[in-house]
Amino acid sequence: MKHEKNILITGASGLLGSSLRVRLDGLGVVTGVAHSTPGERLVPVDLREANALEALLKEAKPDVVVHSAAYRDPDFCEDHRDEAFRLNVAPVEQFCELLPESVPLLFISSDYVFDGEAAPYSEEDERHPVNEYGRLKVKAEDLVLQRATGSVLRIPLLIGAGPTWETSGFIYKTLAKIQDPTPSSLDDAGIRFPTWTEDVADVAAHILGIEGSGIYHYSSLEGGTKYRWALELADLAGLSMEHISPDREGSPTRAVRPGNTQLAVDKIRRTGLNRFTRFREVARSVLEGFA
Ligand SMILES: NC(=O)c1ccc[n+]([C@@H]2O[C@H](COP(=O)([O-])OP(=O)(O)OC[C@H]3O[C@@H](n4cnc5c(N)ncnc54)[C@H](OP(=O)(O)O)[C@@H]3O)[C@@H](O)[C@H]2O)c1
């Protein structure tokens with residue numbers, strides 16, 4: 001009988017991990033790793049604990065690993081550097097040490113490895129992170145890319161339906177802000193390319209089907225400021241934006257944010273992938289899903 005691939009997905013309870021679990025399910029036997037979120041077919045493992053990660057690998061015996069777990073908030077990483085290293089880099093060191101070289105390791109990275117001064121960025125462009133989150137992604141990428149079977153998928157701001165409405169990232173947070181009548185402002189300086197988690201999961205499946213290793217960029221094709229995306233969300237939801245002003249200086253944050261880190265998608269396109277869902281379509285499906 002043919003052996004079905006054991007696919008290990010970390011961060012499986014997260015915004016992206018939830019889509020990865022659904023998409024990769026058909027490709028083998030999926031073990032989804034969570035931490036604090038209980039759930040059917042989710043294994044709770046604290047990846048900061050070396051022993052726990054080692055035990056997980058012994059038990060799951062993965063043929064493929066997609067590593068998505070990380071602290072994704074740049075402000076948190078800026079303020080808690082040691083702690084951020086424990087999750088965003090240390091488990092990658094361990095994966096690289098413990099996994100046989102024949103086991104593909106796909107690492108989810110970020111457009112924040114770039115400084116935002118010279119977009120669009122190709123896979124060959126030099127990395128210059130401007131915050132700790134980006135620096136940690138660079139360190140983790142370097143480890144993964146030393147492997148003959150290591151791949152890096154860089155993605156920008158994610159949108160999509162999380163396991164719950166409150167975990168639905170940008171769309172949830174932006175809509176909550178629009179619904180709050182308190183006058184406020186939204187960043188109208190940094191250009192973002194909100195990208196659907198289901199598209200990214202499809203790209204991950206596609207990359208796993210490509211022999212070899214390397215870096216891939218994936219991004220939606222529509223750029224705009226957070227204020228612009230909020231206008232589109234408000235329009236879809238039939239809400240007013242009159243109490244929210246555009247902040248053309250960019251909203252102050254503890255960690256510096258790069259201005260425009262558009263990722264060029266020519267390489268992934270050349271491999272035959274051509275799925276780029278528009279913001280409005282994604283937002284509509286998320287809003288309808290939680291209506
Ligand atoms: N979100 C974005 O806009 C964005 C943009 C670019 C790149 N990325 C990258 O994409 C990946 C996924 O991001 P996301 O938005 O899906 O993140 P997320 O929704 O915050 O999910 C994070 C995941 O990591 C898990 N986790 C947290 N602490 C852990 C620990 N100590 N041990 C094991 N697992 C732990 C969480 O598990 P529990 O919830 O069960 O605790 C959750 O499954 C990350 O690598 C992130 O850097 C995200």
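Whatever order the structure lists them in is the order used to number ligands and atoms, beginning at 1. All residue numbers refer to positions in the sequence shown, counting from 1. FYI, side chains are in, hydrogens and waters are out, and symmetry mates aren't considered; it's all heavy atoms of this structure.
Protein heavy atom in closest approach to atom 6 (C) of ligand 1: Ile155 O, 3.3 Å. Of the protein's non-hydrogen atoms, the one nearest atom 32 (N) of ligand 1 is Leu47 N, 2.9 Å. Among all protein heavy atoms, the one lying closest to atom 26 (N) of ligand 1 is His35 CB, 4.0 Å. If you check which protein heavy atom lies closest to atom 43 (O) of ligand 1, you get Ser13 OG, 2.7 Å. At the shortest separation from atom 19 (O) of ligand 1 among protein heavy atoms lies Leu15 N, 2.9 Å. The nearest heavy-atom contact from the protein to atom 48 (C) of ligand 1 is Leu158 CD1, 3.7 Å. The protein heavy-atom contact nearest to atom 16 (O) of ligand 1 is Leu16 N, 2.8 Å. Protein heavy atom in closest approach to atom 14 (P) of ligand 1: Arg72 NH1, 3.7 Å.
Every atom of ligand 1 with a heavy atom of Thr37 under 4.0 Å away is listed here by number and element: 38 (P), 39 (O), 40 (O). Remark: ligand 1 atoms within the under-4.0 Å shell around heavy atoms of Lys137 are 44 (C), 45 (O), 46 (C), 47 (O). Each of the atoms 7 (C) of ligand 1 lies under 4.0 Å from some heavy atom of Ser109. Heavy-atom proximity to Asp46, at under 4.0 Å, picks out these atoms of ligand 1: 30 (C), 31 (N), 32 (N). Near Leu157, the atoms of ligand 1 lying under 4.0 angstrom from a non-hydrogen atom of the residue are 3 (O). Using a 4.0 Å cut-off to heavy atoms of Val45, the atoms of ligand 1 that qualify are 32 (N), 33 (C). For ligand 1, the atoms sitting less than 4.0 Å from at least one non-hydrogen atom of Ile108 are 9 (C), 10 (O), 11 (C), 45 (O), numbered in the order shown with element in parentheses.
Asp75 and Arg257 are joined by a salt bridge, as a carboxylate oxygen and a charged side-chain nitrogen come within less than 4.0 angstrom of each other. Under a 4.0 Å N-O distance rule, the pair Arg86/Glu83 qualifies as a salt bridge. In this structure, Asp111 does not pair ionically with Arg154, as no charged nitrogen and carboxylate oxygen lie closer than 4.0 Å. Between Arg254 and Glu78, none of the side-chain N atoms (NZ, or NE/NH1/NH2) sits under 4.0 Å from a carboxylate O, so this pair counts as no salt bridge. Salt-bridge annotation for Lys137 and Glu141: absent, with no side-chain N of the basic residue lying under 4.0 Å from a carboxylate O of the acidic one.
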* Can you check ring-ring contact (aromatic ring centres under 6.0 Å, His included) on His217 and Phe114, steps first, answer last? -> CA-CA 12 Å; His217 285 179; Phe114 298 115; 5.8 Å; yes
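Smallest separation of non-hydrogen atoms from Thr37 and Leu42: O-CD1, 4.0 Å. What you find for Ser219 and Leu263 is that their closest heavy atoms are CB-O, 3.9 Å. The two residues Gly14 and Pro163 have their closest heavy-atom pair at O-CD, 4.2 Å.
Using a 4.5 Å cut-off on side-chain heavy atoms (C-beta onward), Pro62 and Leu99 make contact. For the pair Phe95/Phe107, no side-chain contact is recorded, criterion being any heavy-atom separation below 4.5 Å from C-beta on.
With a 4.0 Å heavy-atom cut-off, ligand 1 is reached by the side chain of Leu87 but not by its N, CA, C or O. Using a 4.0 Å cut-off between heavy atoms, Pro156 contacts ligand 1 through its backbone alone, with no side-chain atom that close.
Looking at Tyr133, Phe170, Tyr71, it is Tyr133 that brings a heavy atom closest to atom 46 (C) of ligand 1. Among Ala70, Ala12, Ser36, Gly32, the residue whose heavy atom lies nearest to atom 22 (C) of ligand 1 is Ala70. Atom 13 (O) of ligand 1 has its nearest heavy-atom neighbour, among Gly14, Ser68, Ser110, Gly162, in Ser68.
Considering backbone and side-chain N/O of Gly11, one or more are found under 3.5 Å from N/O of ligand 1. Remark: ligand 1 and Ala34 share no N or O pair separated by less than 3.5 Å (distance only, no angle test). At under 3.5 Å, not a single nitrogen or oxygen of Val33, backbone or side chain, sits near a nitrogen or oxygen of ligand 1. At under 3.5 Å, not a single nitrogen or oxygen of Ala69, backbone or side chain, sits near a nitrogen or oxygen of ligand 1.
Under a 4.0 angstrom heavy-atom cut-off, Arg86 registers as lying outside contact with ligand 1. Using a 4.0 Å cutoff on heavy atoms, Gly169 does not count as a contact of ligand 1.
Side-chain atoms of Tyr121 come within 3.5 Å of backbone N or O of Gly116 as a donor-acceptor pair.
The side-chain hydrogen bond (donor to acceptor under 3.5 Å, both in side chains) analysis of residues 166-175, with sequence neighbours excluded, yields the pairs Thr164-Thr167.
Contacts of Asn6 classified as side chain to side chain donor-acceptor pair (under 3.5 Å), with partners at least two apart in sequence or in another chain: none.
The CG atom of Leu208 sits 7.5 Å away from the OG atom of Ser151 when rounded to the nearest 0.5 Å.
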